[in-house]
Number of protein chains: 2
Amino acid sequence: MPDTPLPTEERPDTRERLLDAAEQLFAERGVTATSLRAVTKAADANLAAVHYHFGSKEELLSAVVARRVRPINEERLRLLDRLQAGSGDRAADLDEILSALLLPMIRETGRNPERVPTFTRLMGRVLTDMGTGTHALVVHHFAEVLQRFAAALSRALPHLTPEEIAWRLHFCIGTMAFTLVHSPHLAEMSRGLCRSHDADRVMEQMIPFLAAGFQAPSSIDEEAS
Amino acid sequence: MPDTPLPTEERPDTRERLLDAAEQLFAERGVTATSLRAVTKAADANLAAVHYHFGSKEELLSAVVARRVRPINEERLRLLDRLQAGSGDRAADLDEILSALLLPMIRETGRNPERVPTFTRLMGRVLTDMGTGTHALVVHHFAEVLQRFAAALSRALPHLTPEEIAWRLHFCIGTMAFTLVHSPHLAEMSRGLCRSHDADRVMEQMIPFLAAGFQAPSSIDEEAS
DNA sequence: GTTTGAATCAAACGAACGTTTGAAACCGAG
DNA sequence: CTCGGTTTCAAACGTTCGTTTGATTCAAAC
């Protein structure tokens with residue numbers, strides 16, 4: 001058959017194809033709304049392959065997340081380390097801290113430039129779906145990063161109480177998660193004003209907004225005035 | 001039987017009990033993860049009652065949302081009208097615009113003070129679950145409110161482009177949605193720093209953050225400097 | 001008392017789900 | 001070729017899902 005696609009060119013492992021397909025479908029439809037039959041069909045694999053390679057649907061999700069989150073969090077901490085090393089005793093710049101937190105994740109959008117971002121939407125879904133079993137997964141993957149960035153932000157904004165740092169960090173993550181999940185719908189909901197295909201464009205809008213939010217006066221200061 | 005609970009005291013309609021139970025369970029576990037059997041059991045109603053009163057699970061969800069969203073959006077617009085009427089020709093105050101947008105929804109938390117907020121979490125879920133059929137539902141219920149508030153914000157912050165207004169309004173909604181969904185988990189994730197049981201406390205942290213974010217300089221200004 | 005329409009009920013429907021099984025297919029090592 | 005372990009496969013498991021059905025209950029209208 002002449003149209004057989006390059007028999008010498010190897011296609012990825014079944015395991016890898018399952019991760020790719022699951023990532024795509026979980027992101028598009030949500031985790032619970034995606035059946036393993038849909039995943040294995042998209043991966044051109046047998047239904048039982050999921051349980052052979054991963055053990056269960058939940059462990060498949062965990063593997064999908066871990067595959068992408070690990071390098072992202074490593075880069076986050078690497079960027080933060082570089083910031084703190086470069087700034088000596090001075091606290092690192094707020095914009096750069098936020099950029100170190102947000103950019104490594106949003107940049108995933110640009111990996112497959114031609115198609116709508118998949119993993120970023122999945123992360124947004126995981127960040128908002130939690131409550132079932134995903135909650136523990138997220139805590140496990142992000143606890144260290146959150147702690148490091150909370151400390152860095154606390155040094156950069158010493159007038160804020162730890163409670164305020166925690167609140168604003170969560171607001172920050174919420175903004176990112178919501179934006180990631182709805183990037184395909186943002187254009188429609190804003191009547192074409194928000195074009196979220198470009199990661200740099202999103203960052204351009206998001207960083208100043210969040211940085212200004214972080215720099216808002218502490219509620220303690222306001223009460224004292 | 002002496003323990004028969006007050007036979008003269010009428011309990012709500014089956015229809016109402018279904019709405020209550022669905023609201024609670026949808027909020028706790030998510031929509032797709034909640035079965036109609038669980039809803040009807042919690043409502044002490046027959047399984048077929050859902051289809052008799054609403055027609056389908058999706059229409060039940062729509063009814064649950066509509067029951068709460070209608071008065072909330074009415075109050076939002078009422079507060080906005082009052083702001084714009086009181087400020088005459090001057091643009092309304094930013095903090096008050098944001099408060100008019102956020103407070104009516106977050107206040108729902110306080111309706112049943114003793115129990116964890118239910119509807120607010122459901123709204124957060126609907127705002128993040130969309131992609132299936134919920135998307136159209138949300139657009140239908142919120143299009144007018146979003147448009148009105150975008151116009152008000154544009155008047156209060158005339159230096160921002162319509163695109164920037166749209167982006168920041170979405171960031172604002174994302175912050176609210178994420179906070180609402182995770183209010184039960186926020187305390188744990190922040191190691192006890194965020195106590196989100198009190199709506200006023202949440203607003204106290206959220207309004208300054210978002211107001212400062214909205215007041216961030218336009219990217220146009222920054223490029224010009 | 002009879003009728004009528006709304007409301008509730010137990011029971012079942014077919015479909016889809018996550019998971020398990022046991023046998024076939026594959027493939028490098030002996 | 002034969003063997004042993006890994007991987008794939010078709011088929012079925014038991015469960016749960018949203019939905020439907022047809023009989024039954026009930027309260028007001030006649």
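In what follows, chains carry the letters A, B, and so on, assigned in the order in which the sequence lines appear, proteins first and then strands, with residues in each chain numbered from 1. All of these numbers come straight from a predicted model, not from anything done at the bench.
One can place CZ of Phe54(B) at 18 Å from C1' of dT20(D), the figure rounded to the nearest angstrom. The interatomic distance linking Arg15(B) (CZ) with dA7(C) (P) rounds to 10 Å, in whole Å. Whole-Å rounding puts the Leu47(B) CG to dC13(C) C1' distance at 12 Å. dA16(C) atom P lies 16 Å from atom CG of Leu25(A), rounded to whole Å. Look at NZ on Lys41(A): it is 16 Å from C1' on dA10(D), rounded to the nearest Å. Going from atom CG of Leu60(B) over to atom P of dG18(D) covers 10 Å, rounded to whole Å. The CG-C1' distance, from Leu18(B) to dG18(D), rounds to 15 Å in whole Å. The NE2 atom of His51(A) sits 5 Å away from the C1' atom of dT19(C) (whole-angstrom rounding).
A 4.5 Å side-chain heavy-atom check between Val202(B) and Trp167(A) finds at least one atom pair inside the cut-off.
Considering every non-hydrogen atom in both Ala152(B) and Leu80(B), the closest pair reads CB-CD1, 3.8 Å.
Where Ala49(B) and Arg37(A) each meet DNA chain C at their nearest nucleotide, the meeting point lying more 5' is that of Ala49(B).
Considering only the side chain of Tyr52(B), dA7(C) comes nearest among dA7(C), dT19(D), dT19(C). Side-chain atoms of Ala48(B) lie closest to dT20(D) of the nucleotides dT20(D), dT19(D), dT8(D). Nearest nucleotide to the Ser35(B) side chain, out of dA11(C), dC17(D), dA11(D): dC17(D).
Taking the six-membered ring where the residue is Trp, Phe209(B) and Phe214(A) present perpendicular rings, their angle passing 60° and hence far from 30°.
Close to dT7(D), at under 4.0 Å from its OP1 or OP2, lies no side-chain N or O of Thr14(A). Under 4.0 angstrom from either OP1 or OP2 of dT8(C) there lies at least one side-chain N or O belonging to His53(B).
Among the atoms of the strands shown, none is found under 4.0 Å from any heavy atom of Thr40(B).
In this model, no side-chain donor or acceptor of Asn46(B) finds a partner on the base of dA7(C) within 3.5 Å.
As the counterpart of dA10(D), dT21(C) is assigned, both hydrogen-bonding distances of the Watson-Crick or G-U wobble pattern falling under 3.5 Å.
Put simply, CD1 on Ile97(B) and CZ on Arg76(B) are 14.0 Å apart, with the number rounded to the nearest 0.5 Å.
Note on Asp20(B) versus Arg67(B): salt bridge recorded, some NZ/NE/NH1/NH2 to OD/OE distance being below 4.0 Å.
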